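To start, the structure under review is shown below, and the notes come after it.
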Amino acid sequence: MDDYDLIYKKLLKNYSNQGWWPSIGFDGKNPTKTGVIKGYHPGFYEFPRNTTELFEIIIGAILTQNTSWTSVEKSLINLREYINFDAQELLDFSKNNENKFKEAIKPAGYYNQKFNYLINISEFYLSLNGNTPSREEILNVKGVGNETADSILLYGYGEKQFVIDAYTKRIFSYLGLIKEKDSYLKIKNLFEENFNGDVKDFQEYHALIVEHGKRHYSKKPYGVNDKLLNNFKK
DNA sequence: AACCAGGACGTGA
DNA sequence: TCACGTCATGGT
């Protein structure tokens with residue numbers, strides 16, 4: 001086992017299952033060992049269970065770009081007042097009620113951009129006719145970059161795509177396992193080549209990295225109080 | 001008051 | 001390819 005496996009084990013043992021991707025519509029009636037917390041579903045990996053939950057993940061992935069999840073949650077709850085999480089309903093609502101739509105997603109920030117991005121991804125989603133898109137195809141949607149594409153594929157479609165985010169770069173460059181300015185794809189490939197895990201492990205790993213990042217890599221100087229992973233530092 | 005938040009895009013070198 | 005500015009609200 002190399003560092004990537006050992007760090008995962010360490011994080012999982014310390015923080016337990018994260019229950020990503022969260023859903024405001026998650027009813028909590030599914031059996032889990034650790035219960036359901038505010039839309040999270042730790043230990044339940046049969047998510048999403050239908051196209052509504054899938055589409056909620058997709059629009060949530062757009063809304064959470066450079067934005068905290070609590071803000072996204074407010075936006076999703078606001079939106080849900082007007083529409084079901086359905087691509088056609090979203091498109092219809094966006095055409096007839098642009099103002100209300102933007103007001104609803106305002107908490108997530110960048111509401112003009114994200115308004116257009118949500119329309120783009122909705123039109124793309126409808127064009128799929130229920131098929132799973134390739135990574136390249138999703139990346140062609142304006143508003144979907146590397147991280148959003150991988151998030152949708154990993155959490156929405158259950159594909160083994162490792163998600164790299166700002167915390168991943170901070171933590172693993174602090175530990176000396178990657179370089180500060182390594183590209184997204186280089187880091188992604190590094191994880192996918194060195195980490196031995198299945199889809200649910202990929203899902204947990206990224207979520208655990210975010211959790212750990214929030215605790216020790218949000219305030220500068222990053223990582224100085226990271227006792228958990230300190231012994232992995234090169 | 002400054003900085004960060006589960007980034008992406010357009011631009012100019 | 002890559003560094004930099006822009007997009008925007010909300011929390012600390």
Side-chain angles (χ1 to χ4, degrees), chain A residues 8 11 15 17-24 37-42 47 56-79 98-122 124 135-156 161-174 178-188 191 202-225:
Chain A
Y8 173 62
L11 291 171
Y15 298 119
N17 305 60
Q18 297 301 296
W20 280 35
W21 189 274
S23 164
I24 66 164
I37 309 147
K38 290 193 298 185
Y40 294 85
H41 41 87
F47 193 85
E56 181 183 348
I57 292 174
I58 291 173
I59 61 181
I62 297 285
L63 289 173
T64 200
Q65 290 169 358
N66 204 33
T67 302
S68 65
W69 184 258
T70 52
S71 297
V72 175
E73 198 172 52
K74 290 172 189 169
S75 297
L76 289 173
I77 290 171
N78 290 342
L79 257 190
E98 178 172 341
N99 225 24
K100 283 187 180 176
F101 196 121
K102 288 183 175 177
E103 199 63 29
I105 64 172
K106 217 166 191 175
Y110 311 105
Y111 58 87
N112 289 304
Q113 279 192 347
K114 287 176 178 176
F115 173 76
N116 290 310
Y117 292 173
L118 290 174
I119 291 173
N120 296 341
I121 196 71
S122 296
F124 173 73
R135 189 171 190 278
E136 187 182 1
E137 286 172 332
I138 311 188
L139 280 174
N140 280 331
V141 178
K142 187 174 168 185
V144 176
N146 279 307
E147 185 182 341
T148 305
D150 287 330
S151 293
I152 291 172
L153 289 172
L154 176 62
Y155 294 102
Q161 305 278 357
F162 208 95
V163 179
I164 307 299
D165 74 323
Y167 287 131
T168 314
K169 294 177 183 174
R170 281 182 203 169
I171 295 172
F172 285 80
S173 65
Y174 175 79
I178 64 173
K179 297 171 192 167
E180 291 259 355
K181 52 176 175 57
D182 282 345
S183 73
Y184 183 97
L185 289 181
K186 180 172 182 179
I187 302 171
K188 172 183 168 72
F191 273 86
F202 272 46
Q203 293 178 338
E204 293 290 357
Y205 206 164
H206 171 60
L208 287 163
I209 285 171
V210 172
E211 177 60 29
H212 188 62
K214 283 177 180 171
R215 300 188 185 223
H216 301 293
Y217 294 81
S218 285
K219 293 174 304 211
K220 291 179 179 176
Y222 300 137
V224 292
N225 290 318

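Everything numeric here is computed off the predicted structure, so don't read it as measured data. We name chains A, B, ... by the order of the sequence lines, and we start the count at 1 in each one.
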**Request:** Determine whether the side chains of A/K114 and A/T67 contain a donor N or O and an acceptor N or O closer than 3.5 Å.
**Result:** yes
**Asked** What string of B, S and - do you get for nucleotides 3-13 of chain B, 5' to 3', when a contact is any protein heavy atom under 4.0 Å?
**Response** -SBBBSSS---
**Request:** Rounded to whole angstrom, note down the P distance from C/dC2 over to B/dG6.
**Result:** 26 Å
**Item:** Residues that A/Y111 engages under side chain to side chain donor-acceptor pair (under 3.5 Å), provided they are two or more places apart
**Value:** none
**Parallel, tilted or perpendicular: rings of A/Y155 and A/H206 (30°, 60°)** = tilted
**Nearest-nucleotide comparison on DNA chain C, the residue closer to the 5′ end among A/K181 and A/K74** = A/K181
**Request:** Pull out every residue in residues 99-109 of chain A that has a heavy atom closer than 4.0 Å to any atom of DNA chain B, ordered by number, or say none.
**Result:** none
**Item:** Partner set under side chain to side chain donor-acceptor pair (under 3.5 Å) for A/N112, not counting sequence neighbours
**Value:** A/K102
**Complete:** Note: chain A reaches DNA chain C at heavy-atom distances under 4.0 Å over the stretch, first to last nt, 5' to 3', of C/dC7 to C/dG11
**Request:** Return yes if some donor-acceptor pair links the side-chain N/O of A/Q65 with the main-chain N/O of A/G143 below 3.5 Å, else return no.
**Result:** yes
**Message:** Angle between ring planes, A/F191 versus A/Y205, binned at 30° and 60°: parallel, tilted or perpendicular?
**Reply:** perpendicular
**Request:** With sequence neighbours excluded, tell me which residues meet salt bridge (charged side-chain N to carboxylate O under 4.0 Å, His left out) with A/D182.
**Result:** A/K186
**Pair A/K106 + A/E103, salt bridge at N-O below 4.0 Å** = yes
**Request:** Take atom P in B/dC3 and the same atom in C/dG5, then report the distance between them in whole Å.
**Result:** 14 Å
**Prompt:** In a check of side chain to side chain contact (heavy atoms under 4.5 Å, CB included) between A/Q18 and each of A/I209, A/V210, A/L208, which one passes?
**Reply:** A/L208
**Message:** In terms of relative ring orientation, are A/Y15 and A/H212 parallel, tilted or perpendicular, with 30° and 60° separating the classes?
**Reply:** tilted
